[in-house]
S.K.: 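Take this structure first; my questions come after.
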Amino acid sequence: MFALVDVNNMYVSCERVFRPSLNGKPVVVLSNNDGACIARSNEAKDLGVRMAQPWFEVRHLQRQAGLVALSANFELYGDMSSRMMAIAAEYAPRQEIYSIDECFLDLEGVPQDRLAIGRDLRSRVLQWTGLPTSVGFGPTKTLAKLANHIAKMADRKPGSYPAELAQVCDLGQMAPAQMEALLRATEVGAVWGIGRKTTTRLSEAGIHSVADLLRADTATLRRQFNVVMEKTLRELRGTSCLDVNDAHEANQQIMCSRSFGGAVTDLPELIDVVSQFTGQVARKLREQGSVAGAVHVFIATSPYHRNEAQHAPSATLPLPQPSADTRVLISAAVRALRGIYRPGFNYAKAGVMLVDLQPQARQQDTLDLFGAQEEQAPAPRGGAELMNALDALNRRFGRHAVTVGGTSLHARPSAHASRQERRSPRYTTRLEEIASARA
DNA sequence: TCTGGGGTCCTAGGACCC
DNA sequence: TCTGGGGTCCTAGGACCC
């Protein structure tokens, strides 16, 4: 039996912990550049604010409906997430942290009453962190997800589902008749793994509810879609195909990309941006103890500016030897950038991706058979220690305290600098920003 | 004026080999 | 006018997730 624990409207809920005056109000959290809504309170959802909707489209709701917008504060959310995850982990022998705001628990051998467990977990997380969660139980991960969805909706929209399913819902102990009624009332799009495109295609085939889907023929669906669909079906029917994965594996790719505050046209500024991004992905790469085999760089104009010339080139540059050295990676990224850059375009976005990742240990004995080749610069000296020192300084003094030569931020205001005018303090991770109580 | 960012897995089709 | 066949590996792109 599995549980899925999920924080309701995670980013908004984190903000509300420190600003209780936001409770009950429509609140959104904005992406980089204060560009789009990436989290919405229930009240904001009720106002019709959609996921990833551009801020300028809903900005008028500030005055019309008291909508409050905040810039994303990921440092705060990451820290709150760790606290919540640690509490949830106490309730089962195995936990898979699936995203910043949700985890699966494997309840194998946990004997007690699941509803009691769910309610206890929920109230403990609420009491210790201030975050509201929903808990779903099911005999497969997909059903636990579905149970969680029902728990949320029953809480948020009274009448959509029976009230007793709110907040904590167990699909593992439900009478067949009630189960059938629930599945009839749930649209296929709510199922984990069934997205927008698939929903449209299923709808054309007359499959609208989860109950419809369960009646469909597995082989036919497998033929029309793919193995993912087949697995989803089997999971919905109670056959577990997906296990809780508690060994968090290293990422296979690490990316940093961002749209700019304004258009960027000249190469030096793009080099600056790409160098900064590379510094960030390099740090993440070392954190997970990997080396990268290649660097992928892309720049792009804005597809929304339809009357401007469009250009979205990218390039992948393999490294002569896998590396985690910021200087090596930046030099490759900048070379890739020079190769794809064309003057005369208004670039709106850039990104750096490290790919072909491998564990650092394995790299020891893969020295180039032919030794360093002439045209390849020899690896910089003292790589590992220098990078360790760099990481330590930046951990201690903030992300941009120390950077590799050439990646310093421009003294002049840069077009790419992102706007973040509404960020809340990093209450839990910066002493100088800690919450203070007023008498 | 302003339009998210970070990941995973699967598949089709081309390159290459015998 | 005919123009192998089957296997494997790699990559780009699509769909999905949060």
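Residue numbering restarts at 1 for every chain, and letters A, B, ... go by the order of the sequence lines.
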S.K.: What does the 5'-to-3' dot-bracket notation of DNA chain B look like when only Watson-Crick and G-U wobble pairs under 3.5 Å count, and pairs to other strands show as |?
M.R.: ....||||||||||||||
S.K.: Given atom CZ of A:Arg59 and atom P of B:dT1, what is their separation to the nearest angstrom?
M.R.: 12 Å
S.K.: Under 4.0 angstrom, heavy atoms only, what part of the nucleic acid is A:Cys37 near: base, sugar-phosphate, or nothing?
M.R.: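 The residue A:Cys37 makes no contact with any strand.
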S.K.: Kindly assign one of parallel, tilted or perpendicular to the pair A:Tyr77 and A:Phe74, based on the angle between their ring planes and the thresholds 30° and 60°.
M.R.: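 Correct class here is perpendicular.
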S.K.: Show, in sequence, the C-alpha distance, side-chain angles and deciding distance for A:Val295 and A:Leu354, and conclude whether the side-chain contact (heavy atoms from CB on, under 4.5 Å) test is met.
M.R.: CA-CA 5 Å; A:Val295 181; A:Leu354 300 180; 4.0 Å; yes
S.K.: Working to the nearest 0.5 Å, report the span between SG of A:Cys103 and CZ of A:Arg94.
M.R.: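 A:Cys103 SG to A:Arg94 CZ: 13.0 Å, rounded to 0.5 Å.
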S.K.: Would you indicate what A:Ala36 reaches in the nucleic acid, counting non-hydrogen atoms under 4.0 angstrom: base, sugar-phosphate, or nothing?
M.R.: sugar-phosphate
S.K.: Send over the distance from A:Arg222 CZ to B:dT11 C1', rounded to a whole Å.
M.R.: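 In whole Å, B:dT11 C1' and A:Arg222 CZ are 11 Å from each other.
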S.K.: Is A:Glu230 atom CD crowded by more than 12 heavy atoms from other residues, nucleotides or ligands, each under 6.0 Å away?
M.R.: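 Yes - once you tally the heavy atoms of other residues, nucleotides and ligands closer than 6.0 Å, there are more than 12.
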S.K.: Excluding sequence neighbours, so at least two apart, what forms ring pair (Phe, Tyr, Trp, His ring centres under 6.0 Å) with A:Phe104?
M.R.: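 Checked A:Phe104 against ring pair (Phe, Tyr, Trp, His ring centres under 6.0 Å); matches are A:Tyr98, A:Trp192.
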S.K.: Just to be sure I understand the rule, does A:Gln252 reach a base, reach only the sugar-phosphate, or reach nothing, if contact means heavy atoms closer than 4.0 Å?
M.R.: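 Touches sugar-phosphate only.
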S.K.: Answer yes or no: is there an ion pair linking A:Arg283 with A:Glu287, defined by an N-O contact shorter than 4.0 Å?
M.R.: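 Yes, this pair counts.
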S.K.: Using heavy atoms and a sub-4.0 Å distance, could you list which residues of residues 192-221 of chain A are near DNA chain C? By number, please.
M.R.: A:Trp192, A:Gly193, A:Ile194, A:Gly195, A:Arg196, A:Lys197, A:Thr198
S.K.: Is it true that atom CZ of A:Arg50 has more than 12 heavy atoms of other residues, nucleotides or ligands lying nearer than 6.0 Å?
M.R.: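 No, CZ of A:Arg50 has 12 or fewer neighbouring heavy atoms, counting only those of other groups under 6.0 Å.
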S.K.: When rounded to the nearest Å, what value does the distance between C1' atoms of C:dG4 and B:dC16 take?
M.R.: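 Their C1' atoms lie roughly 15 Å apart.
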S.K.: Could you measure the distance from the CG atom of A:Leu213 to the CG atom of A:Leu221? Nearest 0.5 Å is fine.
M.R.: 6.5 Å
S.K.: Check every strand shown and say whether A:Val191 touches a base, only sugar-phosphate, or nothing at a heavy-atom separation below 4.0 Å.
M.R.: sugar-phosphate
S.K.: With heavy atoms under 4.0 Å as the rule, sort A:Asn251 into base, sugar-phosphate or nothing.
M.R.: sugar-phosphate
S.K.: Report the distance from atom CD of A:Gln253 to atom C1' of C:dC17, rounded to the nearest whole Å.
M.R.: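 Whole-Å distance recorded here is 13 Å.
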